[in-house]
Asker: 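Right, I'll just put the structure down here and ask away after.
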Amino acid sequence: MTNIEKWRHFLKDLESPDLFIDWGFYSMLSTALQRRVWLFPDTFTLYPNLFTLLVGPPAAGKSRVISQVSEFIKEPSLVERKINKKKNKVEVKPYFPLSADTITQEALVRFIVRDCAREFYYMEGKEKIHASHFSVGFMVEELGVLLRKNTDNIVNMFNQFYDSRDYSYKTKHQGTDVIKNICVNILGGTTPNFIRQAFSDQIISQGFTSRVIMVYGHAPRFLRQFPGVNEQQKSCKKEIVAHLKKLATLAGPLTLSEEAMDFHKEIYESGQLTQNTVNKDYRLETYYGRKNVHLLKLSMIMHFADQTDSMVIQKQTVERAMRFLAHTEISMHEAYTTSGRNVLAEIQRRVCQYIIDQKVDGVSHKKLLLVFIDDLSAEELRTCLEFLMTTEQIRFEGNLYFALVDKPANSTEYL
């Protein structure tokens with residue numbers, strides 16, 4: 001099994017939506033990578049930190065995933081132990097520091113400066129380079145607790161944190177704190193009601209939401225009495241924690257392979273990332289404006305999902321990140337509404353199945369309009385078809401659509 005398959009198996013009885021579970025996994029890896037790997041050091045350096053929000057109504061399964069990720073990150077084996085001879089005791093320092101859920105801006109800066117400094121080495125050619133960083137993770141089961149009205153400025157601070165820029169904070173009585181080489185990862189949960197309220201109260205801004213990947217889930221994937229964790233699940237957890245421990249020793253610059261670089265150049269410069277979008281909702285315009293950054297960050301994280309030996313990202317990893325984002329985007333707009341169910345996600349599976357049933361003959365756009373006229377508008381059908389092409393389930397050739405798969409992908413088959 002791959003590590004994400006082990007993660008899914010460990011959480012097989014968790015009722016949370018599949019997308020919540022998968023994004024929890026990648027956010028966990030992001031927290032573990034910190035600021036020790038990066039892309040494009042000579043231009044606009046990118047680090048693999050993510051701001052991920054699990055959005056859904058109460059009891060949709062947000063907190064369950066976040067609490068599981070937090071437990072993995074806090075595993076007793078993921079710590080550094082040093083003997084303090086002066087105090088004659090063993091000092092324990094976690095590999096991956098986590099902030100408290102409720103914290104003021106000043107307290108957060110103080111925590112980062114005091115408790116999150118870490119050092120590492122990496123090779124640059126034959127030279128061993130020493131570096132340091134301040135990395136911190138947030139596992140916030142309710143975003144509203146963190147973004148309270150009396151800490152509005154914390155949002156502007158997070159905008160800088162996402163970009164991993166140096167941050168300075170002037171205190172009333174203790175001068176100015178300057179944090180260099182910072183990296184912040186957020187996995188949070190909230191409801192569409194809070195997002196709407198936060199926008200109306202100007203607690204959050206478009207600058208913040210463009211940096212956030214909104215992962216919407218309308219309900220639990222099933223209802224299941226929790227049967228406990230069996231030995232195989234415990235083994236999966238042990239192996240994932242061992243992988244996180246390996247990630248803690250990883251450091252250095254990443255590169256894209258020649259094929260990956262050519263593929264990224266094509267999709268970026270042709271405008272595919274910002275124009276051929278699977279979700280045309282106007283509220284996602286800022287997200288799509290920053291999608292290239294999300295894609296590259298996620299590609300870095302996916303690259304280390306199962307290995308720590310190579311520092312070269314392959315084309316198939318970038319393609320996998322593209323598909324995963326496309327599946328997430330199809331229902332992303334519902335994070336901004338107070339109710340809803342992603343009807344298009346269900347109908348697009350029917351559209352895909354219909355195209356599959358045509359086998360080698362293919363099907364025209366006009367035929368699809370006639371078949372699905374009672375379920376979809378012309379614009380909604382176009383959105384479904386773009387989604388199916390982006391996720392490589394169908395292709396368009398000679399004015400006909402042809403299937404590339406034997407069955408429509410479900411929520412656990414897009415990786």
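Atom set for the values below is all heavy atoms of this structure, side chains included, hydrogens, waters and symmetry mates excluded. Owing to the predicted nature of the structure, the values given are computational and were not obtained by experimental measurement.
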Asker: Please report the closest heavy-atom contact between Gln233 and Asn230, naming both atoms and the distance.
Answerer: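 Nearest heavy atoms, Gln233 then Asn230: N-OD1, 2.7 Å.
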
Asker: Do Pro192 and Arg196 have side-chain heavy atoms sitting under 4.5 Å apart?
Answerer: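 Contact flag for Pro192/Arg196 side chains = no.
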
Asker: When you check the side-chain N and O atoms of Thr277 and Lys280, is any donor under 3.5 Å from an acceptor?
Answerer: yes

Asker: Taking atom types as modelled, is there a side-chain donor on Arg283 or Tyr336 under 3.5 Å from an acceptor on the other?
Answerer: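 Absent: no donor and acceptor within the cut-off.
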
Asker: Might you work through the salt bridge (charged side-chain N to carboxylate O under 4.0 Å, His left out) test for Glu329 and Lys291, ending with a clear yes or no?
Answerer: CA-CA 11 Å; Glu329 289 160 15; Lys291 182 177 177 178; 2.9 Å; yes

Asker: Can you name the nearest heavy-atom pair linking Glu380 to Leu376, along with the distance?
Answerer: OE1-CA, 3.5 Å

Asker: For Ala60, does its backbone N or O pair with a side-chain atom of Arg64 as donor and acceptor, under 3.5 Å?
Answerer: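 Checking the backbone N and O of Ala60 against the side chain of Arg64, no donor-acceptor pair under 3.5 Å is found.
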
Asker: Any donor and acceptor pair, going by atom type alone, linking the side chain of Ser257 with main-chain N or O of Gln314 inside 3.5 Å?
Answerer: no

Asker: Could you check Met123 against Lys128 for side-chain contact (heavy atoms from CB on, under 4.5 Å), going step by step and ending with a plain yes or no?
Answerer: CA-CA 5 Å; Met123 298 303 296; Lys128 190 176 184 180; 3.9 Å; yes

Asker: Starting from the C-alpha separation in whole Å, work towards a yes-or-no answer on side-chain contact (heavy atoms from CB on, under 4.5 Å) for His327 and Val278.
Answerer: CA-CA 9 Å; His327 272 269; Val278 300; over 6 Å; no

Asker: Is a salt bridge present between Lys62 and Glu141, judged by a nitrogen-to-oxygen distance below 4.0 Å?
Answerer: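 Salt bridge absent between Lys62 and Glu141.
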
Asker: Assess whether a salt bridge exists between Lys315 and Asp262, defined as any Lys/Arg side-chain N lying under 4.0 Å from an Asp/Glu carboxylate O.
Answerer: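 No, no charged N to carboxylate O under 4.0 Å.
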
Asker: For residues Arg8 and Asp22, determine if any side-chain heavy atom of one lies less than 4.5 Å from a side-chain heavy atom of the other.
Answerer: yes

Asker: Roughly how far apart are Arg382 CZ and Cys384 SG, rounded to 0.5 Å?
Answerer: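 Between Arg382 CZ and Cys384 SG, I get 10.0 Å after rounding to 0.5 Å.
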
Asker: Using a 4.5 Å cut-off on heavy atoms from C-beta on, say whether the side chain of Val55 contacts that of Thr191.
Answerer: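 Thr191 vs Val55: side chains apart.
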
Asker: Using the six-membered ring wherever Trp is involved, compare the ring planes of Tyr401 and His365 and label them parallel, tilted or perpendicular (cut-offs 30° and 60°).
Answerer: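 Rings of Tyr401 and His365: tilted, 30 to 60°.
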
Asker: Would you find a donor on one side and an acceptor on the other, under 3.5 Å apart, between the side chain of Arg110 and the backbone of Gln105?
Answerer: no

Asker: Check the surroundings of atom CD in Glu379: do more than 12 heavy atoms from other residues, nucleotides or ligands lie under 6.0 Å from it?
Answerer: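 Counting neighbours around CD of Glu379, more than 12 heavy atoms of other residues, nucleotides or ligands fall under 6.0 Å, so yes.
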
Asker: Heavy-atom count around Tyr268 OH within 6.0 Å, excluding the residue itself: above 12?
Answerer: no

Asker: Measuring centre to centre across the rings, with the benzene-like ring taken for any Trp, is Tyr287 within less than 6.0 Å of His294?
Answerer: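 Yes, the ring centres sit under 6.0 Å apart.
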
Asker: Quiz question: by atom type and distance under 3.5 Å, do the side chains of His303 and Gln307 form a donor-acceptor pair?
Answerer: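 There is such a pair (donor and acceptor under 3.5 Å, judged by atom type) between the side chains of His303 and Gln307.
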
Asker: Does the gap between the ring centers of Phe120 and His130 come in under 6.0 Å?
Answerer: no

Asker: So, Ser210 versus Arg290: side-chain donor-acceptor pair below 3.5 Å or not?
Answerer: yes

Asker: So, does Arg211 use its side chain to make a donor-acceptor pair with the main chain of Gly207 at under 3.5 Å?
Answerer: yes

Asker: Between Tyr122 and Trp38, is the gap from one ring center to the other below 6.0 Å?
Answerer: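 Judged by ring-centre distance (under 6.0 Å), Tyr122 and Trp38 do meet the cut-off.
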
Asker: Is the side chain of Asn49 donor-acceptor paired with the backbone N or O of Val184 at a distance under 3.5 Å, no angle test?
Answerer: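 Indeed, once roles are kept as given, a pair shorter than 3.5 Å links the two residues.
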
Asker: Within a 6.0 Å radius of atom CD on Glu5, are there more than 12 heavy atoms belonging to other residues, nucleotides or ligands?
Answerer: yes

Asker: Can you name the closest pair of heavy atoms from Leu33 and Ile301 and give their distance?
Answerer: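 Result for this residue pair: CD1-CA, 4.1 Å.
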
Asker: Please state whether the rings of Phe51 and Phe208 are parallel, tilted or perpendicular, taking 30° and 60° as the class boundaries.
Answerer: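 Taking Phe208 first and then Phe51, their aromatic rings sit tilted (interplane angle of 30° to 60°).
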
Asker: Evaluate the criterion side-chain hydrogen bond (donor to acceptor under 3.5 Å, both in side chains) for residue pair Thr391 and Gln393; output intermediate values, then yes/no.
Answerer: CA-CA 6 Å; Thr391 54; Gln393 298 183 66; 3.0 Å; yes

Asker: Would Phe20 and Tyr216 count as a close aromatic pair, with their ring centres under 6.0 Å?
Answerer: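 They do not qualify: ring centres at least 6.0 Å apart.
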
Asker: How far apart are the C-alpha atoms of Lys234 and Glu231, what are their side-chain angles, what is the distance that settles it, and do they pass the salt bridge (charged side-chain N to carboxylate O under 4.0 Å, His left out) test?
Answerer: CA-CA 5 Å; Lys234 291 178 182 177; Glu231 290 303 315; 3.5 Å; yes

Asker: Looking at every heavy atom in both Pro220 and Ala59, which two are closest together, and how far apart are they?
Answerer: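 For Pro220 versus Ala59, the nearest heavy atoms are CG-O, 3.4 Å.
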
Asker: Roughly how far, to the nearest 0.5 Å, is the CG atom of Leu50 from the CE atom of Met300?
Answerer: 9.0 Å

Asker: Does any non-hydrogen side-chain atom of Phe138 lie less than 4.5 Å from one of Asp101?
Answerer: no

Asker: Does the ring center of Phe402 lie less than 6.0 Å from the ring center of Phe396?
Answerer: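 No, ring centres 6.0 Å or more apart.
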
Asker: What verdict does the side-chain contact (heavy atoms from CB on, under 4.5 Å) test give for Val178 and Tyr167, after you've listed the backbone C-alpha separation in whole Å, the side-chain angles of each residue and the deciding distance to 0.1 Å?
Answerer: CA-CA 6 Å; Val178 179; Tyr167 182 77; over 6 Å; no

Asker: Testing the 3.5 Å rule here: is there a donor-acceptor pair between the side chains of Gln34 and Tyr95?
Answerer: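 The criterion, which ignores hydrogens and geometry beyond distance, is not satisfied for Tyr95 and Gln34.
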
Asker: Can you tell me how far CD1 of Ile195 sits from CE of Met214, rounded to the nearest 0.5 angstrom?
Answerer: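 With rounding to 0.5 Å, CE (Met214) is 4.0 Å from CD1 (Ile195).
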
Asker: I'd like to know if the side chain of Thr31 reaches the main chain of Ser27, judged simply by a donor and an acceptor atom lying under 3.5 Å from each other, with no hydrogens or angles considered.
Answerer: yes

Asker: Is the backbone of His333 close enough, under 3.5 Å, to the side chain of Thr337 for a donor and an acceptor to pair up by distance?
Answerer: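 It does not hold such a pair.
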
Asker: With distance as the sole criterion, is a donor-acceptor pair present between the side chains of His264 and Asn292 under 3.5 Å?
Answerer: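 There is such a pair between these side chains.
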
Asker: Look at atom NZ of Lys74 and say whether more than 12 heavy atoms of other residues, nucleotides or ligands are closer to it than 6.0 Å.
Answerer: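 No, not enclosed.
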
Asker: Under a 3.5 Å cutoff, is there a donor and acceptor pairing between the side chains of Asn185 and Ser30?
Answerer: yes

Asker: Judged by atom type as modelled, is there a donor-acceptor pair below 3.5 Å linking the side chain of Asn3 to the main-chain atoms of Ala305?
Answerer: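 Yes; at least one donor-acceptor contact below 3.5 Å.
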
Asker: Quick check for you: to the nearest 0.5 Å, what is the distance between Leu295 atom CG and Leu325 atom CG?
Answerer: 6.0 Å

Asker: Within a strict 4.5 Å, meaning less than it, do heavy atoms of the Ile186 and Thr52 side chains meet?
Answerer: no

Asker: Does the side chain of Arg35 come within less than 4.5 Å of Asn181's, by heavy atoms?
Answerer: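 When only atoms from C-beta onward are counted, Arg35 and Asn181 do touch, with a gap below 4.5 Å.
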
Asker: Answer yes or no: is there a donor N or O on one side and an acceptor on the other, between the side chain of Arg165 and the main chain of Ile182, under 3.5 Å?
Answerer: no

Asker: Between Phe158 and Ile154, is any pair of side-chain heavy atoms under 4.5 Å apart?
Answerer: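 Yes, side chains in contact.
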
Asker: So, Asn156 versus Gln160: side-chain donor-acceptor pair below 3.5 Å or not?
Answerer: no

Asker: Are Glu334 and His218 linked by a side-chain donor-acceptor pair shorter than 3.5 Å?
Answerer: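 No, His218 and Glu334 have no side-chain donor paired with an acceptor closer than 3.5 Å.
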
Asker: Check whether the side chains of Ser77 and Glu75 place a donor and an acceptor atom closer than 3.5 Å, and report yes or no.
Answerer: no

Asker: Which pair of non-hydrogen atoms, one from Ser331 and one from Asn279, has the smallest distance, and what is that distance?
Answerer: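 In this case the closest contact between Ser331 and Asn279 is N-ND2, 4.4 Å.
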
Asker: Compare all side-chain heavy atoms of Tyr162 with those of Val293 and state whether any distance is below 4.5 angstrom.
Answerer: yes

Asker: Look up atom CE in Met28 and atom CE in Met139, then write down how far apart they are to the nearest 0.5 Å.
Answerer: 9.0 Å

Asker: Tell me whether Arg221 contacts the main-chain N or O of Ser16 through its side chain, where contact means a donor paired with an acceptor under 3.5 Å.
Answerer: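 Answer holds: yes.
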
Asker: Between Asp166 and Lys180, what is the shortest heavy-atom contact and its length?
Answerer: OD1-CA, 3.3 Å

